[in-house]
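Values reported hereafter were calculated over all heavy atoms of this structure, with side chains retained and with hydrogens, waters and symmetry mates removed. Chain letters run A, B, ... following the sequence lines, proteins first and then strands; every chain starts at 1.
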Amino acid sequence: MQELFEALTTVFTPGSELSQITLVTLKMAFFSTTISMLIGVPLGVLIGYSDFRGKRIVLRILNTLMGLPPVLAGLIVFFILSRSGPLGSFRLLYTVQAMVTAQVILITPIVTGLAATAVTQVVPKLHETAQGIGLSRGRELLYLLNECRSQLFSFIFVAFGRSIGEVGAVMLVGGNVQYKTRVMTTAIMLETNKGNFEMAVALGVVLLLISFVINSIALLFDERGFTARRRRSTIPRHKDEKAVLQEGKKDTA
Amino acid sequence: MTEQGVHIQDLVMRYGEEVVLNVASLDLGAHEKYAIIGPNGAGKTTLLRILAGTLKQSEGTVDIPSGWTVGYLPQHPFVFNMSVFRNVEMAVQDAGLSRSEREKRVNEALEIVGMLDLVSARGTELSGGQAQRVTLARVFAQHHDLLLLDEPTSAMDIKGTIIVEDALKRYLDQYQATLVVCTHAPSQAQRVSNKIIVLEEGRIAEQGPTVDVLQNPQSEMVQEFLSYWRL
């Protein structure tokens, strides 16, 4: 308990190693999540919405990549960024950028696959309805995004959770360099190896707290952003709306 | 052929090797009310989808008079997670109407199907029957010349069915559209149509005035199909 209290105190102490680790963790998770969402969501929507030759094989590849072992992703980035690798001249190995790159390789297929699945479930019925009333493809796509918005938004949690908890790939390409690329998970590993189990557990609790706070903020945005649409609606509610809805439930065959 | 309407010639639809629809010739007169009936898998939905243009036939031609607009209500239409009003309004969003004209159209359509009480309810809050009425209002709001409805009351009990059939009659009286409705219920065909087409394994088994065909079917298959209805 004492260790946990100390760990929590040091997180909020400017300049301490733990606050530095927390900042690097957040920076890495933020960029990995943002980039993965920016690539994965449009790509997944496009794959789910379009009907093209080879779609099944694309989905199969995507499903395979969703289970890509983190160490393998790390190894690929390691080879690309190592001195003899194609991007070696940029000297990015053992930097946060390298860690973000490995994370993006890991998370983007997950977001893409989830987005494609979410959209695929809605598309057939929506597409036929849209065709029936002559909606343009652009409008159809907008309505589709609107329909799946809540699900697509929830992928932020998946991406962030995956990013903040990743250890294998970031250890390989980040190197766990003190004050530079050390993140929560690699710090936990280090403390465990040193036998500082209390500190390792305390770091784990801090990691969970960070995840909890970020998820809560995101959920707040979700609720405000999506349900407020109804409150802002200018269409007046009929005084008997609830009763009519109940009546309708009884009438359905 | 009465007034110029839809003409179908040598229509064939294949899925792989299997022929699912084979209509040598069919005329649908303007302002008439047609019901397409037949057992499951007879090709009713396929014919409707080809007429709607959402499915391309393998062979043959479908001539729809120029200037006609076609509205199609699929068997399982989609109700969006937005207000009932917005669900209907989307159908007239690109019609070049002013906001007040749009609102008038939407309210008119919702009034016909008896859904004005639920304008602000969300699509996800509706029962299956209410959702079908909203999707019908969506097609009504567009004022089409040819209305294609695929099992428009499949999620409703008899009360809901009668509400929708009355709405349909009111709409057709008001806007003089041509109606083609697919149904598995001969009783519904009798109530909403004046002409009937009976499909069997993709071919027209019989067609003619609804009352004549239902009361005095000529082909054996239609006699058998209708015998279940009379039970």
Practice prompt. Check whether the side chains of B/T183 and B/Q188 place a donor and an acceptor atom closer than 3.5 Å, and report yes or no.
Written response: yes
Practice prompt. Measure distances from A/E128 to the heavy atoms of chain B and classify the residue's part below 4.5 Å as side chain, backbone, both or neither.
Written response: both
Discussion item. With rounding to the nearest 0.5 angstrom, report the OG to CG distance, A/S136 to A/L141.
Written reply: 9.5 Å
Fill in: SB check B/R105 B/E101 (cutoff 4.0 Å)
no
Item to complete: Can you tell which part of B/A91 gets under 4.5 Å to a heavy atom of chain A, answering side chain, backbone, both or neither?
Response: both
Discussion item. Only pairs of heavy atoms separated by less than 4.5 Å count here; which of B/Q142, B/R49, B/H76 has the most with chain A?
Written reply: B/Q142
Worksheet, complete the sentence: Note: vs chain A, highest number of non-hydrogen pairs under 4.5 angstrom among B/R138, B/M82, B/M90 is B/M90
Practice prompt. Using non-hydrogen atoms and a 4.5 Å limit, figure out which bit of A/L135 sits close to chain B: side chain, backbone, both or neither.
Written response: side chain
Worksheet item: Does B/F78 offer a backbone N or O that forms a donor-acceptor pair with the side chain of A/T129 under 3.5 Å?
Response: yes
Discussion item. Salt bridge (Lys or Arg N to Asp or Glu O under 4.0 Å), that's the test. Do B/K169 and B/E165 meet it? Break it down for me.
Written reply: CA-CA 6 Å; B/K169 279 175 202 158; B/E165 287 174 3; 5.2 Å; no
Worksheet entry | Side chain, backbone, both or neither of B/V79 within contact of chain A (heavy atoms, under 4.5 Å) | backbone
